[in-house]
Amino acid sequence: MKRIPEPELMDTDEQARAYAAADFSAAHQSYVTLFSETFPKRPATATVLDLGCGPADVTIRFAKANPGYTFHAVDGSAAMLNCARQALKSRRRLMERVKLMEGYLPGSSIPRKGYDLILSNSFLHHLHDPKVLWRCIRRHAKTGTLVFITDLFRPASRARAKALVRKYSHAEPPILKRDFYNSLLAAFTPDEITEQLAEAKLDQLRVNVISDRHLMIYGRIR
Ligand SMILES: C[S@@+](CC[C@H](N)C(=O)[O-])C[C@H]1O[C@@H](n2cnc3c(N)ncnc32)[C@H](O)[C@@H]1O
């Protein structure tokens with residue numbers, strides 16, 4: 001099935017609130033575990049760039065599990081960052097370690113060059129041009145930077161995408177079902193991502209399928 005891009009930013013209040021209220025806890029917490037299993041020798045302290053942080057649920061879970069890490073969490077949607085601010089409000093101590101930044105990629109002024117970890121969940125499939133992510137990693141990584149990206153992958157057919165929406169979003173509001181379906185159609189296949197990495201000279205990163213709809217892209221920058 002051919003890729004059908006979806007709008008990049010999730011910038012309506014309704015869309016952001018529905019996304020922030022959805023229960024992604026199982027998948028999001030599993031990424032924290034997967035990260036520690038993937039990088040058993042990760043540093044105890046790190047400066048982390050989280051690209052397309054949305055309501056910061058993933059950022060907050062990583063921050064809780066890694067108390068020595070500080071985060072620059074970037075998103076182009078003011079509505080999403082409002083949700084992130086709300087989520088951080090009741091967590092004063094995390095607020096000191098998570099800096100939210102509004103910025104559209106490419107073009108956003110991310111303050112550092114060499115982050116220790118670059119993190120991103122469910123962002124790549126939003127980009128009309130995936131090179132935006134790979135160039136951003138090139139620009140903001142240094143030798144040894146850990147990269148940990150998780151995302152959806154595109155199923156083989158619309159029928160399969162509909163079946164995944166029924167299986168995982170049947171109880172969710174219509175707007176969330178619509179966004180999930182559109183995201184599945186907009187996502188890249190593992191083979192497409194492998195090609196993108198080769199083209200971006202990031203073939204030290206690996207692509208693994210980790211569930212019936214998710215994949216991870218991970219590795220250490222050389
Ligand atoms: C599906 S959400 C994922 C949010 C969060 N990472 C999570 O896992 O819950 C994708 C986010 O990427 C943001 N986004 C998409 N394209 C962007 C771009 N070009 N620049 C900045 N943010 C972008 C959207 O606004 C949205 O908040």
Side-chain angles (χ1 to χ4, degrees), residues 3 5-35 48-65 71-88 98-111 117-137 139-140 147-154 164-165 168-169 172-173 175-188 210-211 213-217:
R3 175 181 195 229
E6 65 173 333
E8 290 197 334
L9 298 183
M10 296 175 71
D11 54 2
T12 71
D13 285 336
E14 189 194 10
Q15 194 180 26
R17 276 202 295 265
Y19 188 86
D23 181 8
F24 294 119
S25 55
H28 287 181
Q29 196 56 36
S30 77
Y31 300 151
V32 177
T33 308
L34 196 55
F35 169 70
V48 184
L49 177 62
D50 182 359
L51 295 166
C53 65
D57 183 59
V58 173
T59 332
I60 289 169
R61 288 172 192 276
F62 271 77
K64 280 186 183 164
F71 296 77
H72 290 170
V74 183
D75 202 287
S77 160
M80 278 292 195
L81 290 177
N82 282 339
C83 295
R85 240 168 254 121
Q86 280 300 115
L88 280 166
V98 178
K99 188 168 190 304
L100 300 173
M101 298 176 184
E102 188 174 339
Y104 176 78
L105 296 159
S108 155
S109 47
I110 294 171
L117 166 64
I118 299 181
L119 197 67
S120 181
N121 178 54
S122 272
F123 169 64
L124 172 63
H125 74 262
H126 276 273
L127 295 173
H128 293 172
D129 179 359
K131 287 191 201 84
V132 167
L133 175 58
W134 311 126
R135 284 183 186 144
C136 185
I137 288 176
R139 194 164 306 127
H140 295 285
V147 175
F148 187 77
I149 296 169
T150 39
D151 209 319
L152 297 166
F153 66 85
R154 191 166 77 252
L164 287 168
V165 174
Y168 293 107
S169 297
E172 301 290 0
I175 190 168
L176 215 67
K177 287 186 193 163
R178 180 206 68 188
D179 282 355
F180 182 33
Y181 180 70
N182 289 341
S183 291
L184 286 165
L185 267 47
F188 296 98
I210 54 173
S211 81
R213 61 205 185 286
H214 296 123
L215 51 73
M216 67 190 261
I217 305 152

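Remember, it's 1-based here, ligands and their atoms both numbered in the order they're listed.
Note that Arg154 lies outside the cation-pi zone of Phe188, set by a 6.0 Å cut-off to the ring centre and a 45° limit from the axis.
Although no hydrogens or angles enter the test, the distance criterion places no donor-acceptor pair under 3.5 Å between the side chain of Ser169 and the main chain of Glu172. Panel note: side chain Glu8, backbone His128; a donor-acceptor pair is recorded below 3.5 Å. Panel note: side chain Asp151, backbone His125; a donor-acceptor pair is recorded below 3.5 Å. Put simply, the side chain of Ser108 never gets that close to the backbone of Tyr104: no donor and acceptor are under 3.5 Å apart. The backbone N or O of Glu6 lies less than 3.5 Å from no partner atom in the side chain of His126, so there is not a single donor-acceptor pair. The backbone N or O of Met216 lies less than 3.5 Å from no partner atom in the side chain of Thr150, so there is not a single donor-acceptor pair.
Atoms of ligand 1 found under 4.0 Å from any heavy atom of Ser77, numbered from 1 in the order shown, are 25 (O). If you number the atoms of ligand 1 from 1 as listed, the ones under 4.0 Å from a heavy atom of Val58 come out as 8 (O). The contact set between ligand 1 and Gly52, taken as ligand atoms under 4.0 Å from a residue heavy atom, comprises 3 (C), 4 (C), 5 (C), 6 (N), 11 (C), 12 (O). Interface of Cys53 with ligand 1, defined as ligand atoms under 4.0 Å from a residue heavy atom, comprises 4 (C), 5 (C), 6 (N). If you number the atoms of ligand 1 from 1 as listed, the ones under 4.0 Å from a heavy atom of Leu105 come out as 18 (C), 19 (N), 20 (N), 21 (C). Near Asp75, meaning under 4.0 Å from one of its heavy atoms, ligand 1 places the atoms 11 (C), 12 (O), 13 (C), 22 (N), 24 (C), 25 (O), 26 (C), 27 (O). Numbered from 1 in the order shown, with element, the atoms of ligand 1 that lie under 4.0 Å from a heavy atom of Leu127 read 19 (N). Interface of Gly76 with ligand 1, defined as ligand atoms under 4.0 Å from a residue heavy atom, comprises 21 (C), 22 (N).
Listed by chain and number, the residues in a ring pair (Phe, Tyr, Trp, His ring centres under 6.0 Å) with Phe148 are Phe35 (sequence neighbours excluded).
Nearest to atom 10 (C) of ligand 1 among the protein's heavy atoms is Ser122 O, 3.3 Å. Here the protein heavy atom with the shortest distance to atom 8 (O) of ligand 1 is Asn121 ND2, 2.6 Å.
For the salt bridge (Lys or Arg N to Asp or Glu O under 4.0 Å) condition, no pair includes a residue of residues 22-32, sequence neighbours left out.
Here Glu8 has heavy atoms under 4.0 Å from ligand 1 in both its backbone and its side chain.
In this structure, CZ in Phe123 is found 10.0 Å from SG in Cys53, a value given to the nearest 0.5 Å.
Residue-ligand proximity: Tyr19 is placed with a non-hydrogen atom under 4.0 Å from ligand 1. Judged by the shortest distance from any of its heavy atoms, Gly103 lies inside the 4.0 Å radius around the atoms of ligand 1.
Annotation: Asp50 places no N or O atom under 3.5 Å from an N or O atom of ligand 1; distance criterion only. For the pair His125 and ligand 1, the shortest N or O to N or O distance does not fall below 3.5 Å. The shortest N or O to N or O distance between Met10 and ligand 1 is under 3.5 Å.
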